[in-house]
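Accompanying notes for the structure given below.
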Amino acid sequence: MCITNSGTQSPTILLNLSEDIFTRYDINFFLVVTYQYQETSVYFLIGLGIYSEIGTIKNKVFALYYDHLGFIHKLTPDHSEDGGVFEGFGNSRSIFGQPPDMGFNTALAPQFLSFSEVIFFAYVPLDEPPETIHTKKFNNMHYEKLIQSSKSGKAHIRKILQHKTPKGFLSSVIAETINAFGLEDENESPCLSSSLLIDKTSNFTYKLTLTLQTADSSFKTSDIEKTVVIPGYSSFLITEILDPSNALALATMPQSVPLNMTFVRESWFLYNFGSVNGRKWSIFSKPCNYWFQQSDDSLSLNVVKYIDLGNSQVFKVKIIPNSNRFQIIDYPLVEVSVGNPMLLEVKVAGAFDDTNSYLVEISVTSRSLRQGSTSLALIAWAASTQCFVTTVVTTLKSSCSYLRAMQHVSNIIIPFEDWISGVHEDSQGFNMIKTLPVNYRPPSNMGIAIPLTDNFYNADPSKPIPRNLFRKSKETGKYKQCARVASREECNCTNDQKFSHAVAFSDCKEKVPRFKFPVTQYPISLEIFSENERIPVKSPYLVTVTEVNMRKNWKLKHFVPQNVKKLKNHLEAVLRVPVYNPSGLNISIRGSELFHFRVSVVPGVTFCNLVEEFQIYVDEVPLPFPGHTLIAVAAAVVLGGLIFTAFMLQLHNIHP
């Protein structure tokens, strides 16, 4: 059975598990778990195409998972196991034991192309039943693994080949020699002391004849499945011993067979990659050959990144070679796989540095109004499955981050300690902090004594409500945090709620910024902040401003560029509220006491619902009309009366 990544546009074979019989499987970016009747096999993936069997699990009930640091854990009903800090570098041997041999039970015939390159042909007997032929062939799992001889030597598999010829060999691998393979000697194979003649017996079999034999030189039954190697010619896998002087063999390259040629002693050699009396070769994963380094020093291999509309995220990784035993590859070492390429715009750039490390920079931008999520997999495809990190999977969400918000930046800075004490004086001794009265409500347009808002500030249900004489004032005003409790202590206000500007926590709000009348051109500076940046709110962002307690006597001033004016007019027609350019926005207030403003970003340029609130308390306000006029008239009347009285006393020569 082949397991493919059928979710992509061009399905790719992940695993070829035709030799296994299993009832079901589970798969993710790192592991494939197949469930057989007696045991469970676990395969480790490197993206697409490279995988290794890392072991089996005997437990009938278990769960495997990777934590955010990349360590694997196994959970069973009665205990748990983890790879640990040291065992995790590799394939968690504390869970799966030693890495299994990924070889299969047949003979290999080496064909040397050069001193450092060799082809290994997998032998399939001519009478092999069709249903078991697949068990004697190389498959995708052997890609990028090491072939090791039981005698000595190893080679790095670089390519898997499937073919129908030559006869008896249906698959092969091209490998790069790391350490030279050990040869058979005359003590192990006495036939090596003779000369060798090669003759053809049929369309695909050849007879090997020993000539100039000594008394001890002959073919032995132990020579079956050994390979005759003649430099410059085809190799021959011995399949049958006819007599001490003759043997039948299959050629790995029939077009290069030296027919009717005799090769003297020490001009031909024997290699033993057979399976008679035990397999003489094995396949294992190569040692870790690359390190995966993330430039942001993040320890997590599976992170979630949010990308707002019009914004970008940049990811940088470095692939560092840590072995000189394997060939240094001079083409890109990282494969970038995007789950949904239509959702985000992804650009990739990579280059090698002077140390042969490969640096990759991936830029991801959200340019459409589509929201959704996708995965971005960075796969070090040339890395060994023994490496701790071979794939980094980042979940990208084209939406608003939970940590993204808008903040009003006040033009005065008041330390937190002063907010606690309630006193912060400016250079003229004016206290910039106002502690609100208990159960305070701001005035309305009908007057200071007639509040009409539902919002209480510094609420305390156990205390009387001021300015609550008129019927309309009694009908309004609703507790939120303090609803259905008897005292302020039962409101359970936290410090964050007490210092919050949100109207939802107005019951807890105790102190607000205080300004002298009049407030003129107070700058409304706004910033958008997230987990890694702070940016000022400016075009193309547009905002609306409202006063949550329906107060008037305030006016906004802003500058609208020509390229924004048409958009502003369109939005005002759609939203039916004034729209402002946040750049250079300021406010002037001609009223008194508390003003509570809410600033909202107009939708369409962000996925986030960006809303910010701030308060301004205006104090030391002159008396409203006609207070000044009445005082002036009364003062004039009194002063005039005093002057008239003094004149009359002087006129009549009266001396009090």
Side-chain angles (χ1 to χ4, degrees), residues 68 294-300 303-316 344-345 362-367 369 371 373 376 394-420 424 432 494-506 508-509 511-513 522-546 548 556 558 564 579-587 596-616:
H68 66 290
Q294 296 171 264
S295 61
D296 59 356
D297 296 328
S298 172
L299 296 178
S300 178
V303 297
V304 178
K305 294 288 186 180
Y306 292 86
I307 304 178
D308 198 4
L309 181 63
N311 288 8
S312 299
Q313 285 275 5
V314 177
F315 306 93
K316 295 181 181 180
L344 298 167
E345 179 181 306
I362 302 102
S363 175
V364 184
T365 306
S366 175
R367 296 196 182 278
L369 289 172
Q371 296 193 59
S373 63
L376 176 70
T394 301
T395 300
L396 302 176
K397 293 192 174 183
S398 180
S399 62
C400 180
S401 169
Y402 296 106
L403 300 177
R404 190 173 179 85
M406 185 169 64
Q407 184 179 43
H408 167 250
V409 182
S410 177
N411 64 341
I412 58 171
I413 300 176
I414 300 177
F416 182 76
E417 297 78 14
D418 293 353
W419 279 112
I420 297 295
H424 178 79
M432 302 294 292
T494 65
N495 284 332
D496 290 336
Q497 292 172 341
K498 290 179 181 180
F499 291 102
S500 172
H501 296 289
V503 69
F505 304 116
S506 65
C508 300
K509 188 71 174 179
K511 303 179 181 71
V512 293
Y522 174 81
I524 303 178
S525 299
L526 301 168
E527 285 185 347
I528 296 175
F529 67 93
S530 58
E531 61 270 25
N532 55 5
E533 65 175 356
R534 299 181 72 96
I535 59 172
V537 180
K538 57 183 180 180
S539 180
Y541 293 98
L542 296 175
V543 299
T544 62
V545 182
T546 57
V548 300
L556 288 169
H558 68 131
V564 179
V579 176
Y580 303 95
N581 178 22
S583 298
L585 183 63
N586 59 71
I587 189 170
H596 189 157
F597 297 100
R598 177 186 288 126
V599 184
S600 304
V601 172
V602 174
V605 292
T606 176
F607 294 129
C608 300
N609 181 26
L610 297 177
V611 179
E612 172 63 334
E613 299 178 24
F614 65 96
Q615 292 110 4
I616 294 177

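Computed from a predicted model, the values in this text were never measured in an experiment. Reckoned from all heavy atoms, side chains included, excluding hydrogens, waters and symmetry mates.
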Do [X] and [Y] touch side chain to side chain, with heavy atoms closer than 4.5 Å?
X    : Y    : answer
E533 : N311 : yes
L556 : I524 : yes
V599 : F614 : yes

[X] to [Y] - nearest heavy-atom pair and separation:
X    : Y    : result
K397 : S373 : CG-CB, 3.8 Å
N581 : S539 : OD1-N, 4.3 Å
Y306 : C400 : CD2-O, 3.4 Å
V579 : H558 : O-CE1, 3.9 Å

Are the side chain of [X] and the backbone of [Y] linked by a donor-acceptor contact shorter than 3.5 Å?
X    : Y    : result
S500 : Q497 : no
S410 : I412 : yes
Q615 : H501 : yes
E613 : V503 : yes
T365 : R367 : no

Test log, rule side chain to side chain contact (heavy atoms under 4.5 Å, CB included), inputs V545 and L585: CA-CA 10 Å; V545 182; L585 183 63; 4.2 Å; yes
Of V303, L376, V304, the residue whose pairing with T395 passes side-chain contact (heavy atoms from CB on, under 4.5 Å):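 For T395, the side-chain contact (heavy atoms from CB on, under 4.5 Å) test succeeds with only one of V303, L376, V304, which is V304.
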NE2 on H424 to NZ on K511, rounded to 0.5 Å: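 So the gap between those two atoms works out to 14.5 Å.
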Euclidean distance, I528 CD1 relative to Q407 CD, rounded to 0.5 Å: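 Separation between the atoms: 11.5 Å.
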Flag if over 12 foreign heavy atoms under 6.0 Å of CZ, F529: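 Yes, enclosed.
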Within 6.0 angstrom of I413 CD1, more than 12 heavy atoms from elsewhere: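 For I413, atom CD1 is not crowded (no more than 12 foreign heavy atoms under 6.0 Å).
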Aromatic contact, F499 with F416 (centres under 6.0 Å):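 Yes; F416 has its ring centre under 6.0 Å from that of F499.
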Worked check of side chain to side chain contact (heavy atoms under 4.5 Å, CB included) between Y541 and L526: CA-CA 11 Å; Y541 293 98; L526 301 168; over 6 Å; no
Working for side chain to side chain contact (heavy atoms under 4.5 Å, CB included), residues F607 and S398: CA-CA 8 Å; F607 294 129; S398 180; 3.4 Å; yes
Worked verdict on T606 versus M406 for side chain to side chain contact (heavy atoms under 4.5 Å, CB included): CA-CA 12 Å; T606 176; M406 185 169 64; over 6 Å; no
